[in-house]
Participant: 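Please find one structure pasted underneath; my questions will follow.
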Amino acid sequence: MNRRLMDRSFYWFCKSMTWMALGILLILIFHICRQGCEYLDWQFLSSLPSRSPEKAGIKTALAGTVWIICFTALFAIPFGIATALYLEEYAPKRHPFVRLLQINIANLAGMPSIIYGLLGLTIFVRSLGFERSILAGSLTLALLILPVIVIASQEAIKAVPDSIRFAAYAMGARRYQVVLGQVLPSAIPGIMTGIILSISRAIGETAPLIIVGAMSYIAYTPESIFDMFTVLPVQIYNWAGRPKEEFHAIAAAGIMVLLLLLLSLNFIAVTIRSRYQRYK
Amino acid sequence: MKVFFTTILSLFVSATSFAAKNDAVMVDGSSTVFPITEAIAEDFRNPYPRVRVAIGVSGTGGGFKKFVKGETDINNASRKIKDSEMALAKKYNVSYKEIPVAYDGISVVVSKKNDWVDYISVAELKKIWQPGSTVKTWKDVRASWPDKEIRLYGPGTDSGTFDYFTKAINGKAHVSRSNFTKSEDDNVLVQGVQNDPAALAYFGFAYYQENQDKIRAVPVKANDTAKAIMPSVESINSGSYTPLSRAVYIYVNPEALKKDNVYNFVRHYLQAAPRLVKDVGYVPLPKEAYLTELKKLEQERVALGGDRLAKQD
């Protein structure tokens, strides 16, 4: 009797926790949408920032975010996957240096993002002289998400059954053929999950970019990676702190744009993932 | 693979060919002055649509750190430059020109539901806010006020408003009681006060102006003989709202004034300020003050060997 009761209550506990979390999220999204929907239109997407709420738009921030995210992905993904492949397929697991590396990567994944901002400021902005550019910003964010990509990719590669490797070797494949032709494609769905999560994190980051030098007002869209930039979270934060009430609604509209961008990026990633899953 | 490497390589090679940042007007500094400079920058787009203006918000001090190294052309400042910052500027061989652009009045506010506060004196404010203050209830401040717990709200300790308020009230910048609710976001302070009759807060004039339907400002009495003065455009402009009104500034690097774009921007700043400062909730200087600054600016420019009217980019 007691065990049956436990069984039922544990089930209800888990279920209610799930729905509660989901409910809060829905209330939040609903609130944001109700506040922001009246401002969310084409004019909002295509206008420059302004002091008057009717004219204010998000064009520069949206463009900045797209640039930053593209280059962050470009920098982080090759490094992340190559590192994971090396650690899983080539590196001697018990070697003290490799273990040290492993511990460090795990630690880096949990580091507060502001520290990456300071790192980016010292190395990219000052030492390498990239100044407050998209290049400096996206390199900083790439560092930030690199550990997450490495760890997720490692897990995905670990999950590839050895039988696949042995079969490939038995056919006379070289090691690079095994890794690139068999292991990597089978691991892609897991790797994509890691990439989706880390890019989503990068898109919402404000603190490191403010340190690296994201602008608060900028009236032109970037044309090269050496241009100055602003990003959606910085612009939203800027609006949310304004005295005029209308700007709070505009901030909500900005949040909606950020969420939509996030959803569409995730949609692309999920599509790629499901394609590879079929291929497997 | 080859394509990938060539792309990366060409990206880095193009690093040398871009010098576009040179013609942009680089502004950084205080978040208090940001709305003014932003409004000017937006207005500046009309006569000069092709000039790039970028404004960052690193705080007055953070902005000066970049300004004294010559990394920015203009610094927004909600206070005057400090001695230590002057020394740094000298070290990096950067000089500067200080231009007052508007007034800000720090408003002391309570909820609309508070019906007992008629005015407050500087001495009473000091009693409340000084370090180690023992004030717990409104009665502790003035005997005729109710025996209700006083709940205090104020800006975070990094803000220029905090610096100025503590200097004006407690006599020394950055010295204050610490047990009050702090927020860098003034909207949070407004929300904290509006529904709580026993709350008291202070923040920039713009936030009071926008929220007059929710909160009310308390007239401030400078000393025993002075009249209690409400913060308003008139009282701040005339200087009678003492000691809580202050000027805010922009600092310009004269070296940057040699560049047409920067000169045009600063010039436009002084021309458009009387019209735009009010729009964003600040109090403009008297008209003549802007004209004097404008004249000084033009003289400076000529002294630097430039034309008074710079050509349009």
Side-chain angles (χ1 to χ4, degrees), chain A residues 47-53 55-57 60 64 71 74-75 77-79 121 125-126 128-136 138-139 180 209-230 234-235 237-248 251, chain B residues 1 4 7-8 11-12 14-21 24 26-29 31 34-45 49-58 62 66 69 71-72 76 183-188 190 203-211 213-214 276 279-281:
Chain A
S47 297
L48 299 172
S50 166
R51 68 179 179 284
S52 50
K55 282 195 277 177
T60 48
F71 282 99
L74 190 72
F75 294 135
I77 293 172
F79 277 101
L121 180 71
V125 179
R126 298 253 157 88
L128 293 177
F130 293 155
E131 295 179 28
R132 318 168 124 199
S133 60
I134 290 178
L135 181 63
S138 48
L139 281 172
L180 283 180
L209 287 179
I210 286 188
I211 298 217
V212 169
M215 291 292 172
S216 292
Y217 165 90
I218 202 158
Y220 52 90
T221 49
E223 280 157 12
S224 83
I225 50 172
F226 301 99
D227 275 341
M228 292 175 281
F229 66 98
T230 185
V234 173
Q235 182 68 68
Y237 179 73
N238 172 2
W239 279 331
R242 292 295 176 94
K244 277 205 180 88
E245 192 117 35
E246 293 92 324
F247 275 113
H248 305 165
Chain B
M1 228 26 174
F4 175 73
T7 333
I8 292 288
L11 279 174
F12 279 96
S14 58
T16 44
S17 60
F18 277 96
K21 237 177 270 175
M26 285 286 292
V27 191
D28 207 328
S31 59
F34 172 76
I36 307 176
T37 308
E38 188 205 34
I40 304 279
E42 188 198 349
D43 196 64
F44 188 63
R45 295 207 298 257
R50 298 230 309 277
V51 179
R52 298 173 153 201
V53 181
I55 313 171
V57 174
S58 317
K66 294 172 187 155
K69 287 186 191 161
E71 288 174 11
T72 54
N76 292 329
S183 174
E184 295 294 344
D185 182 353
D186 291 351
N187 288 314
V188 175
V190 172
F203 43 72
F205 181 64
Y207 287 83
Y208 156 63
Q209 246 191 342
E210 281 301 327
N211 295 290
D213 51 330
K214 299 178 196 137
L276 296 177
D279 263 20
V280 288

Participant: Using a cut-off of under 4.5 Å on heavy-atom pairs, state which of G281(B), S58(B), A39(B) scores highest against chain A.
Facilitator: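 Maximum pair count with chain A is reached by A39(B).
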
Participant: Which heavy-atom pair separates A240(A) from N187(B) by the least distance, and what is that distance?
Facilitator: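 Minimum heavy-atom separation between A240(A) and N187(B): O-ND2, 3.0 Å.
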
Participant: Tell me every residue that passes side chain to side chain contact (heavy atoms under 4.5 Å, CB included) with P243(A), counting only those two or more places apart in sequence or in another chain.
Facilitator: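 If we apply the side chain to side chain contact (heavy atoms under 4.5 Å, CB included) test to P243(A), skipping adjacent residues, the hits are A206(B), Y207(B), E210(B).
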
Participant: Is there a donor-acceptor pair closer than 3.5 Å between any side-chain N or O of E38(B) and the backbone N or O of Y217(A)?
Facilitator: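 No.
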
Participant: Chain A heavy atoms under 4.5 Å from E71(B): which part of the residue, side chain, backbone, both or neither?
Facilitator: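 Just the side chain, heavy atoms under 4.5 Å.
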
Participant: Identify the heavy atoms of S50(A) and E42(B) that sit nearest to each other, and give their distance.
Facilitator: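 Closest heavy-atom pair between S50(A) and E42(B): OG-OE2, 2.6 Å.
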
Participant: Taking atom CE of M215(A) and atom CG of D28(B), what is their separation to the nearest 0.5 Å?
Facilitator: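 That separation rounds to 6.0 Å.
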
Participant: For the CG atom of D279(B) and the CZ atom of R51(A), what is their distance to the nearest 0.5 Å?
Facilitator: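 Between atom CG of D279(B) and atom CZ of R51(A) there are 5.5 Å.
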
Participant: The criterion is ring pair (Phe, Tyr, Trp, His ring centres under 6.0 Å); which residues satisfy it with F44(B), sequence neighbours excluded?
Facilitator: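 By the ring pair (Phe, Tyr, Trp, His ring centres under 6.0 Å) rule, F44(B) matches Y48(B), F265(B), H268(B).
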
Participant: Where does T37(B) contact chain A at under 4.5 Å (heavy atoms): side chain, backbone, both or neither?
Facilitator: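 Neither part, no heavy atoms under 4.5 Å.
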
Participant: Sub-3.5 Å donor-acceptor pair from the side chain of D186(B) to the main-chain atoms of G241(A), do we have one?
Facilitator: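 No; judged by distance alone, with no hydrogens or angles, the pair does not exist.
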
Participant: More than 12 foreign heavy atoms under 6.0 Å from OH of Y237(A): is that the case here?
Facilitator: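 Result for OH/Y237(A): open.
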
Participant: Heavy-atom distances under 4.5 Å only: say whether F34(B) touches chain A with side chain, backbone, both or neither.
Facilitator: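 F34(B) touches chain A through side-chain heavy atoms alone.
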
Participant: Rounded to the nearest 0.5 Å, what's the gap from CE on M228(A) to CE on M26(B)? Could you check?
Facilitator: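 So the gap between those two atoms works out to 5.0 Å.
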
